[in-house]
Structure formats: structure tokens, C-alpha cells
Protein chains: 2
Amino acid sequence: MDQVEIFKALSNKARLQILNWLKDPEVHFPEQAEAGFANGVCVGRIQEKVGLTQSTVSEYLTSLQRAGLITATRTGQWTYYKRNEETFAALSKLIQTDI
Amino acid sequence: MDQVEIFKALSNKARLQILNWLKDPEVHFPEQAEAGFANGVCVGRIQEKVGLTQSTVSEYLTSLQRAGLITATRTGQWTYYKRNEETFAALSKLIQTDI
DNA sequence: TTGGCATATCGGGAAAAACCGATATATATT
DNA sequence: AATATATATCGGTTTTTCCCGATATGCCAA
């Protein structure tokens, strides 16, 4: 759990927005309903919603993943990303105790 | 409470270190014991401990202050900085609910 | 095997952050 | 008034971040 890496990942409006959307995928990504949300949301859906290029969104998701804030699941040609709530819980606690 | 500004302020090892030292000023800044710690620790003490230049430390403290993580009190020629625990508590809660 | 779609990676330009040294400002002392 | 001390601000160099377009890779369908 690299604190600086986590805070850097959180230091961007678009990435915070994505994390927020991933809290309620069924609300924010209804287009993906038929595929289900068990593994999260795929890159393309996030990209069209956030309005940045595909490469930028892919990089942002990778950085969130490296920070441990989301996890990736590859299924066929899609990569699904979902929040890793354990990290958020740990971070919340860390701010109360360590920082 | 600007989330991005807070996370940016926290995205740096030296600034995290300073915040951590300020949790226990009497432990980490015993040189300042006679002046007391009611208003925190003055810039010079922090600077010599963190080992960066005076200008850098001053800027770092200002950025932490802008983020609401510390408060400044000017007394004579010294500026004392101390943690603003309310912001830390709010941030911890914010991570549980908003992010 | 060819083509199409989803994602990742690469190379780069512009903007911001990480520092620094020099200088300015404010307060205190003599 | 002159000097000293503490901090803030300014100007600059280097590194990092923010994005992009182009290209590569991996999977699937025809």
C-alpha cells in the first residue's frame, strides 16, 4: 500500500469521477446491463462517459489499478474494472491513524 | 474542501512526513519545547528536520494550508503550523462515503 | 487467414510540480 | 536608523503529469 501512489491516483478529477461512477455501475452504465456488473465495467463504457481518449482512459485505469483502488478482469476482448473496496476502507482508516 | 487539492497536497513523501511529525510535536521537535506547541511548530524547525531548502518548505506548508490540512499562526517573526484534525476526520469520512 | 473490435502501449507536446538560489518583506533588537 | 532573524515570494531548471494520436496486441467471427 504505497500512500503516495494512492494519493497521486486520487489527484485527478476524471479519475475521481470514474471511481464515483463505479460505486453504482447499474445507475451510471445502464448500457452494460445485459453483460452484468459482477466484474465491473469495461473500458469502452467508461471512456465514452468520461469523454477522454481511449488511450488516456486505459492509462488512468491502469494507474488506479496499480494503486490498488480497482481490480481488472479480462473476459474475451473486454477488460472489466471494478472498485476494490478493501483499499478504500484501509485508506480511510490509514488517514485516521497513520497520516 | 477541494478533493483534488487535498490529494495533491498528500501526494508527496516530504509533505506526508511533515504531517506525521506534526502529530507529536513534542516528540519530533523537542528543540522548540520552551516556545510551547499550542500553535504548532515554526517553519525553521520543520525545515532543518526535513532537509529541504527554506523556500521549498515554505511552499509546501502553504500548499498544505491551502488544502486545509494545517493552519498557520503568525507570532512575531515566526509562523507556526499545526495540523487541522477536522480536515483529516472529514477526509476519512469522505473516503467512506463520497469517493 | 483475414478483418474487425477492445484494450494496451508508445512517442510526444503542453502544463504542472518539485525543487533550488536569490531576493523581498516583516518583525525584533540595538 | 541599522542590523539581524524568520518567512514569503520570485525566477528558473528539471522532472512528472496530462492528455493526445498512432500503433501494437489479443481475441473473436467470417
Side-chain angles (χ1 to χ4, degrees), chain A residues 2-19 22 25 29 31-32 34-37 39-67 69-82, chain B residues 2-19 22 25 29 31-32 34-37 39-67 69-82:
Chain A
D2 181 334
Q3 297 179 194
V4 172
E5 188 169 29
I6 290 176
F7 290 130
K8 276 189 179 163
L10 293 173
S11 298
N12 176 280
K13 201 175 166 185
R15 290 191 295 266
L16 285 178
Q17 180 76 80
I18 292 168
L19 289 172
L22 290 181
F29 302 97
E31 327 83 69
Q32 198 191 282
E34 58 174 314
F37 299 104
N39 291 318
V41 181
C42 69
V43 181
R45 302 282 141 271
I46 297 170
Q47 191 231 318
E48 62 190 25
K49 197 169 172 75
V50 79
L52 295 170
T53 62
Q54 189 272 322
S55 61
T56 297
V57 174
S58 177
E59 279 170 14
Y60 280 14
L61 292 170
T62 300
S63 80
L64 289 169
Q65 189 195 6
R66 271 199 312 266
L69 294 163
I70 60 178
T71 59
T73 309
R74 181 113 204 190
T75 302
Q77 30 191 346
W78 294 276
T79 306
Y80 295 90
Y81 286 97
K82 73 169 176 184
Chain B
D2 181 333
Q3 298 178 193
V4 172
E5 188 169 27
I6 291 176
F7 289 129
K8 275 189 178 161
L10 294 172
S11 299
N12 177 282
K13 201 174 164 184
R15 290 192 296 267
L16 286 179
Q17 180 77 80
I18 291 169
L19 288 172
L22 291 180
F29 302 97
E31 327 83 68
Q32 198 190 281
E34 57 175 317
F37 299 105
N39 293 317
V41 181
C42 69
V43 181
R45 302 284 143 269
I46 296 170
Q47 192 232 317
E48 64 190 22
K49 198 169 173 72
V50 78
L52 295 169
T53 62
Q54 189 273 320
S55 61
T56 297
V57 174
S58 178
E59 279 169 14
Y60 280 14
L61 291 170
T62 299
S63 80
L64 288 169
Q65 189 194 7
R66 271 199 313 267
L69 294 163
I70 60 178
T71 59
T73 308
R74 180 113 205 189
T75 302
Q77 28 190 348
W78 295 274
T79 306
Y80 295 91
Y81 287 97
K82 72 170 176 184

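Note that the coordinates shown come from a computational prediction; the quantities given were computed from them, not determined experimentally. Below, read A as the first sequence line, B as the second, and so on, with proteins coming before strands; counting in each chain starts at 1.
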To the nearest 0.5 Å, atom CG of A:Leu52 lies from atom OG of A:Ser58 at 12.5 Å

Partners meeting side-chain contact (heavy atoms from CB on, under 4.5 Å) with B:Ala72 (sequence neighbours left out): B:Gln65, B:Thr79, B:Tyr81

Once rounded to the nearest 0.5 Å, what's the spacing between atom CG of B:Asn12 and atom OH of B:Tyr60? 4.5 Å

A:Tyr80 near the nucleic acid: base, sugar-phosphate alone, or nothing, with a heavy-atom cut-off under 4.0 Å? nothing

Can you sort out the partners of B:Arg66 under side-chain contact (heavy atoms from CB on, under 4.5 Å), two or more places apart, ordered by chain and number? B:Glu5, B:Thr62, B:Ser63

Is there a side-chain contact between A:Ile6 and B:Leu10 (heavy atoms, below 4.5 Å)? no

Positions of residues 6-14 of chain B (non-hydrogen atom under 4.0 Å from DNA chain D), listed by number: none

Look at A:Tyr60 and D:dT17 and indicate whether a side-chain polar atom (N or O) is within less than 4.0 Å of OP1 or OP2. no

What pair of heavy atoms forms the shortest contact from A:Gly40 to A:Tyr80, and how long is it? O-CD2, 3.7 Å

Which residues pass the side-chain contact (heavy atoms from CB on, under 4.5 Å) test with A:Lys82, sequence neighbours left out? A:Thr71

Does any part of the side chain of B:Pro25, heavy atoms only, come nearer than 4.5 Å to the side chain of B:Gln32, both counted from C-beta? no

Can you find a heavy atom in the side chain of A:Val57 that is under 4.5 Å from one in the side chain of A:Leu61? yes

Mind listing the N/O atom pairs, protein and nucleotides 28-30 of chain D, below 3.5 Å?
none

Sequence neighbours excluded, the answer for side-chain contact (heavy atoms from CB on, under 4.5 Å) partners of A:Glu31 is A:Phe29, A:Arg45, A:Glu48

Which residues within residues 48-59 of chain B lie with some heavy atom under 4.0 Å of an atom in DNA chain D? B:Gln54, B:Ser55, B:Ser58, B:Glu59

Counting C-beta onward and ignoring hydrogens, is there a side-chain heavy-atom pair between A:Phe7 and B:Leu16 closer than 4.5 Å? yes

For DNA chain C, note the earliest and the latest nucleotide, 5' to 3', having some atom under 4.0 Å of a heavy atom belonging to chain B. C:dA17 to C:dA28

Starting at CG of B:Asn39, measure out to CZ of B:Arg74 and round the result to the nearest 0.5 Å. 13.0 Å

For B:Ser11, which residues count as a side chain to side chain donor-acceptor pair (under 3.5 Å) partner, sequence neighbours excluded? A:Ser11

Set of side chain to side chain donor-acceptor pair (under 3.5 Å) partners for A:Ser55, sequence neighbours left out: A:Thr53

Overall bend of the helix from C:dT1-D:dA30 to C:dT30-D:dA1 (five pairs an end, 10° steps) is 10°

So what does B:Arg15 touch, heavy atoms closer than 4.0 Å: a base, only the sugar-phosphate, or nothing? sugar-phosphate

Can you tell me how far CG of A:Leu22 sits from CG of A:Leu69, rounded to the nearest 0.5 angstrom? 11.0 Å

